[in-house]
Structure formats: structure tokens, C-alpha cells
Engineer: 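My structure is below; once you've seen it, I'll send some questions.
In what follows, every chain begins at residue 1, and chains take the letters A, B, ... in the order their sequences are listed.
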Amino acid sequence: MSRVIIFVSLFVFLVCFAAEDNPVNIKAERFEVNLSTNYFEANEKIVIEQGKLIIRADKANYKESKNKINLFDNIIADYLEVKIYCQEMVFDREKNIVNAFKDVQVIYKEYIVYSQKLVYYPDKGLMIFEGEAIVNQGKNVLKSNDITLDLKKNKIYSDNKTNFMISNGN
Amino acid sequence: MRIKYFFFFAFVVLLYLIFLRVDYTYKSPSKTNEPNLVLLNANIEHFLQGELEFNVVAKKIEIFDKKFIMHESTINSEDGLIISADVIDYYLDRGVVYASSNVYFKRGQHVYSGNELEYDMTRLLLKTYRGGEFVLQ
């Protein structure tokens, strides 16, 4: 009998979990939507909210079949204590991955990271900076290629040659 | 004698200042001429025009030669379209809806709420203006 109860409880839990959707709210001054192709374009004062992730930008488009939101110009993304500034961003709704491009700047606690490309996994708390990246942590400056910042473990990894400097504060 | 010119000049300046304060950003196309027919508390169950078919519930419908102006109205169609707004202008020749003030739009899973929209019912093209919010599932 208890097995049946456990099975039913598990089934109900799984059904509830599967039915839970993850809607995204998009605010903007202007929208243009083609409802036959489900292609969305948003312009001016864009604010996108999905769960705890909030992204602001000047332009955005979204094609439902691809389930990715492309954002352009003056982008600011907030997720808990992480703040990302950049000029281009792709938010993969399905995989919950944020790709940031062009003049990427990340601020997280005492870290400030500059790069040209970032792949951010908010759920895992992982930030992978592709290409050259500069990490400032207080007086410490770290310069390397392909840096991974693990926010949960508060650690930085790099397989490449790394320059580590302690600034004298000047 | 000169004081007369001064008053005239002041009057012109006053007119100019009043003119500057007038907001021309949105002209309602609603009040251009008298309607052919006015329906109050209307409930049109089957509005048919070509391939378009929808239902309208409105507090007031003004019927002109080429357009309907629906006040405090809701449009429903069988494909799941819902548009409601304080004012909805429907252009018969183009199959285009202009909705303004307290606009709510729903089609399929997509929901919009905002201030102003234009929806081409035949080409399924939606444009919105003056701010608003979409909810995508």
C-alpha cells in the first residue's frame, strides 16, 4: 500500500513539475509581431524577465521556433548578485544559457571581469569567458585566455598561460 | 497709438504659446464625421467579412461607411483571438484593427497588454506603440 502511495505521490510531483511553465515577460515601447511565423521584434526600453533573470536592452528579437532571444545595444543583465554589461546577447530559454558578446563587463561581488565573449550558466553558477579576459579582484589583476569563473565555489580556472598581478593601487 | 501695437504683439505671442501647448501626437480617427448607425450595448455574434469572422461585445458601436468604432469592446474569434480596449477602430476595407487605451490582446499562448496596437487580421501582423508588455509561454 505504501508503495502505491509513494508511486502516486511521485507521479503527481512529476506531472506538476512537467506542467510548470517558465513564462517570459517582455516590456518595451514598441513591438512588431508576425503571428503567422511567431517572430517578435521589440524596440526601446526593453525589460525582459524570466524568473530571477532581468535583462534590459534597446533592441530585441525572438523567434519562437528557436526559443532564443537576441538582444542588442546597451544591454544590462541582472541575475541575483551578477551584473553583466555588453552590446550583444543571446538568451537561450530552453537551455537557460546567456551568451554575451562585445565589450562584456561582469560585476560579481568583488570581481570585475572584462572580456569579448561570455557563456553564462545561471543555474550552475558558471561563467566561461572565451578569448582574452581580465579579472580584477580588489588589488589583484588576472589576465588570461579562456577563464572559467565558478560562482558557487568562488574559484577561477584557466588552462592557459595566466598573468597574475597584484596592483599597488595606483 | 503704440500701445495698440504692443497689445496686438502680446496677443500674437499668447496665441503662439497656446499653440505650443497643444498635443498633436495622437489624433483619434474616431471623430471625423457622424456615424450612419449607432448601436448601444451591442452583442454581434457573427461578424462576417470575407474569410474573417469574429464576435463583438461593445457598450457602443458607431458604424461608418468604411469603419466601425467600438467603445469598451471585446473582439473574439474562433482561432483564439481576443482583443479588448476602451476604443477599437475596425477598418472594413483593410481588415485592420486599431485599439487604444487599456488594450488587451491574446492569441494562442501570447498575451499583450498595453496602450495602443494595430492588428492586421488577414496578414496576422501586430504592431504595438506607447509601451506595453508581452508574456511569452
Side-chain angles (χ1 to χ4, degrees), chain A residues 15-72 74 77 89-98, chain B residues 23 25-27 49-54 74-85 88-91 94-137:
Chain A
V15 166
C16 291
F17 188 75
E20 189 188 44
D21 48 6
N22 204 5
V24 61
N25 290 15
I26 306 179
K27 290 176 189 165
E29 275 296 291
R30 291 181 286 119
F31 287 99
E32 281 192 38
V33 185
N34 187 331
L35 289 163
S36 56
T37 58
N38 279 326
Y39 178 78
F40 291 71
E41 254 185 41
N43 286 287
E44 291 178 52
K45 297 178 187 171
I46 298 161
V47 182
I48 295 174
E49 289 182 55
Q50 182 168 306
K52 288 169 183 166
L53 179 69
I54 302 168
I55 308 172
R56 290 174 174 80
D58 289 348
K59 279 175 78 176
N61 65 54
Y62 170 69
K63 190 157 191 179
E64 198 176 55
S65 58
K66 292 185 178 174
N67 218 358
K68 287 178 182 173
I69 301 174
N70 301 300
L71 299 120
F72 305 93
N74 305 315
M89 185 176 276
V90 180
F91 172 46
D92 189 328
R93 289 187 66 202
E94 204 172 299
K95 295 174 184 166
N96 200 23
I97 300 172
V98 174
Chain B
D23 184 9
T25 52
Y26 179 68
K27 272 188 184 175
Q49 191 198 7
E51 291 178 356
L52 293 176
E53 181 181 353
F54 52 85
T74 303
I75 292 175
N76 281 284
S77 71
E78 281 185 1
D79 64 352
L81 171 74
I82 301 170
I83 304 172
S84 71
I88 298 176
D89 292 9
Y90 176 67
Y91 285 80
R94 289 179 281 149
V96 172
V97 167
Y98 291 92
S100 60
S101 187
N102 294 319
V103 179
Y104 174 85
F105 177 95
K106 186 174 190 288
R107 191 176 185 277
Q109 290 186 314
H110 305 312
V111 179
Y112 167 82
S113 53
N115 297 310
E116 194 175 337
L117 71 74
E118 175 187 336
Y119 182 54
D120 188 325
M121 295 178 89
T122 50
R123 294 193 297 157
L124 306 180
L125 292 175
L126 171 69
K127 289 180 182 178
T128 77
Y129 311 95
R130 296 197 293 140
E133 182 176 3
F134 250 105
V135 179
L136 308 176
Q137 297 299 331

Engineer: If I measure from the heavy atoms of chain B, does A/Tyr62 come under 4.5 Å with its side chain, its backbone, both, or neither?
Structural biologist: side chain
Engineer: Only pairs of heavy atoms separated by less than 4.5 Å count here; which of B/Val135, B/Leu117, B/Leu136, B/Asn115 has the most with chain A?
Structural biologist: B/Leu136
Engineer: Can you tell me how far apart OH (B/Tyr112) and CZ (A/Phe31) are? Round to the nearest 0.5 Å.
Structural biologist: 7.0 Å
Engineer: Check whether A/Asn43 gets within reach of chain B through its side chain, its backbone, both or neither, counting any heavy atom under 4.5 Å.
Structural biologist: neither
Engineer: Is B/Lys127 atom NZ crowded by more than 12 heavy atoms from other residues, nucleotides or ligands, each under 6.0 Å away?
Structural biologist: no
Engineer: Top residue by heavy-atom pair count (under 4.5 Å) with chain A, among B/Arg123, B/His110, B/Glu118?
Structural biologist: B/His110
Engineer: Just wondering, more than 12 heavy atoms not from A/Arg56 lying within 6.0 Å of its CZ?
Structural biologist: no
Engineer: Please enumerate all residues that pass ring pair (Phe, Tyr, Trp, His ring centres under 6.0 Å) together with A/Phe72, with sequence neighbours excluded.
Structural biologist: none
Engineer: With rounding to the nearest 0.5 angstrom, report the CE to CG distance, B/Met121 to A/Leu35.
Structural biologist: 11.5 Å
Engineer: Using the ring pair (Phe, Tyr, Trp, His ring centres under 6.0 Å) criterion, which residues pair with B/Phe105? Sequence neighbours excluded.
Structural biologist: B/Tyr119
Engineer: With a 4.5 angstrom heavy-atom cut-off, could you sort out which part of A/Glu64 is near chain B: side chain, backbone, both or neither?
Structural biologist: side chain
